[in-house]
Enquirer: 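Quick one: the structure is below, and I'll ask about it shortly.
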Amino acid sequence: MKSDTPDWVRRQERSNLAILRFMVWLSLSFGRGASRVVLYGIAVYYVIFAPQARRASRGYLRRALGRWANWRDGFLHVFSFASTVHDRIYLLNDRFDLFDIEVHGAEELRAKLADGNGALLIGAHMGSFEVLRAIGRGREGLKVAMMMYEENARKINATLEAINPVATQDIIGLGQPGSMIAARDKLDQGYLVGMLADRRLGDDVTTPIDFLGEPAPFPVGPFRVAAMLKRPVYFMTGLYMGGNRYQIHFEPLADFTQVERAGRDAAIHAAQQVYADRLSHFCRQAPYNWFNFFDFWQDK
């Protein structure tokens, strides 16, 4: 186990706020189709001029694809990431009509919420966060709040807040003094409270879990939160399937409602392995959707 600050937190954001504001203006002025042309240039630039991220992408894709990852694979990986960031502009403005969103597992989840109590969603840096949050404002009628590490994407969040300030009201800041109380209150109101469990936050400890055939360091913190809140947990992901298509998946992951303190560590470890297994499944199903552009298996 480790508690030092991880590389992804130490790295400075490459994003430039002025460029992001230009992209927002371009996207809202000329529409999704025309503004997507810029994404090709962005993807090519990063594939060529970001060698560390390119090597990490290749290492991950080799495991997910089961073969050598070539330059085209690297381009598709970055382009998928750029596409989901670009689509956030429209999703935050409730332009759901632009997208073909297919939802799997919502009926079972809705049945679980019938008693008025909420549930926890645990996902990864995979696909789109915004398309997941969009279901709370769209046809599924599920109320969703996200516990997020805000500082890592501070510039992007500042821009998106300027587009639609209402969209940030259902975000619970991780690491804040009242985070647990705020999460519990949302759950008591029947919300789904989401967390991402594939990156460490601050000094959170990790434990090695088998992922895509090799042990990798997964943070314990999100599952400790789930155990303390004593709620059912569902795996969530919003996969970008190309063009304007997304697939949202909800799957039962663990249930901490009856777990006592003595059995908490074993239950957390079991839930982490189930989580890593489902993440592996979706990484193989949609390999260009996992957006960790650092060496996840050698995280330091």
Side-chain angles (χ1 to χ4, degrees), residues 13-50 53 57 71-104 106 123 125-142 144 146 148 150 152-171 194 236-249 286-291 293:
E13 291 175 318
R14 289 180 178 270
S15 301
N16 181 282
L17 189 56
I19 294 175
L20 287 171
R21 283 176 174 158
F22 169 75
M23 280 301 301
V24 169
W25 172 82
L26 184 72
S27 301
L28 296 180
S29 298
F30 294 94
R32 183 174 181 270
S35 56
R36 272 173 64 83
V37 174
V38 179
L39 304 183
Y40 291 90
I42 293 172
V44 168
Y45 175 86
Y46 278 101
V47 169
I48 295 174
F49 296 107
S57 171
W71 283 89
R72 178 179 179 276
D73 294 314
F75 171 83
L76 291 173
H77 195 192
V78 177
F79 184 77
S80 294
F81 174 63
S83 296
T84 61
V85 173
H86 181 236
D87 285 344
R88 292 175 77 184
I89 295 168
Y90 301 102
L91 291 166
L92 283 168
N93 279 279
D94 295 340
R95 290 300 310 275
F96 310 127
D97 57 297
L98 296 175
F99 303 99
D100 178 7
I101 302 175
E102 185 179 330
V103 183
H104 299 269
H125 290 80
M126 168 173 265
S128 172
F129 309 150
E130 295 305 331
V131 77
L132 284 163
R133 291 175 56 215
I135 65 169
R137 302 190 297 273
R139 58 194 171 101
E140 296 301 326
L142 300 173
V144 182
M146 289 292 293
M148 303 178 73
E150 297 166 303
N152 186 51
R154 178 177 50 84
K155 293 178 182 179
I156 294 176
N157 285 338
T159 302
L160 296 178
E161 184 177 357
I163 300 169
N164 187 357
V166 175
T168 65
Q169 292 181 359
D170 54 1
I171 295 176
M236 64 172 180
T237 188
L239 301 177
Y240 174 64
M241 306 304 292
N244 71 336
R245 295 178 297 117
Y246 284 88
Q247 283 185 3
I248 297 176
H249 293 267
Y288 306 119
N289 270 255
W290 194 53
F291 303 138
F293 293 96

Enquirer: Find out whether F96 and L91 are in side-chain contact, i.e. whether some heavy atom of one side chain is under 4.5 Å from a heavy atom of the other.
Expert: yes
Enquirer: So which atom in R245 and which in M241 form the shortest heavy-atom distance, rounded to 0.1 Å?
Expert: NH2-O, 2.5 Å
Enquirer: Would a distance-only check, ignoring hydrogens and angles, find a side-chain to backbone donor-acceptor pair under 3.5 Å from T84 to F81?
Expert: yes
Enquirer: Under 3.5 Å, side chain of H77 to main-chain N/O of F291, donor-acceptor pair present?
Expert: no
Enquirer: Quick one: do E130 and D87 satisfy side chain to side chain contact (heavy atoms under 4.5 Å, CB included)? Show the steps, please.
Expert: CA-CA 8 Å; E130 295 305 331; D87 285 344; over 6 Å; no
Enquirer: Any donor-acceptor pair under 3.5 Å linking the side chain of S83 with the backbone of F79?
Expert: yes
Enquirer: Apply side chain to side chain contact (heavy atoms under 4.5 Å, CB included) to the pair Y90 and F99, showing each step before the final yes or no.
Expert: CA-CA 9 Å; Y90 301 102; F99 303 99; 3.9 Å; yes
Enquirer: For the NE2 atom of H125 and the CH2 atom of W290, what is their distance to the nearest 0.5 Å?
Expert: 10.0 Å
Enquirer: List the steps and the verdict of side chain to side chain contact (heavy atoms under 4.5 Å, CB included) for V131 and Y240.
Expert: CA-CA 9 Å; V131 77; Y240 174 64; over 6 Å; no
Enquirer: Can you tell which of L239, V78, D73 makes a side-chain contact (heavy atoms from CB on, under 4.5 Å) with Y288?
Expert: D73
Enquirer: Can you name the nearest heavy-atom pair linking R32 to H86, along with the distance?
Expert: O-CE1, 3.8 Å
Enquirer: For M126, is there any backbone N or O sitting under 3.5 Å from a side-chain donor or acceptor partner on N289?
Expert: no
Enquirer: Before giving the answer on side chain to side chain contact (heavy atoms under 4.5 Å, CB included), spell out for R36 and V38 the whole-Å C-alpha distance, their side-chain angles and the decisive distance to 0.1 Å.
Expert: CA-CA 5 Å; R36 272 173 64 83; V38 179; over 6 Å; no
Enquirer: Measuring from atom CH2 of W71 to atom CG of L76, what distance do you get when rounded to the nearest 0.5 angstrom?
Expert: 13.5 Å
Enquirer: Return the minimal non-hydrogen interatomic distance between G74 and S57, and the atom names on each side.
Expert: CA-OG, 4.4 Å
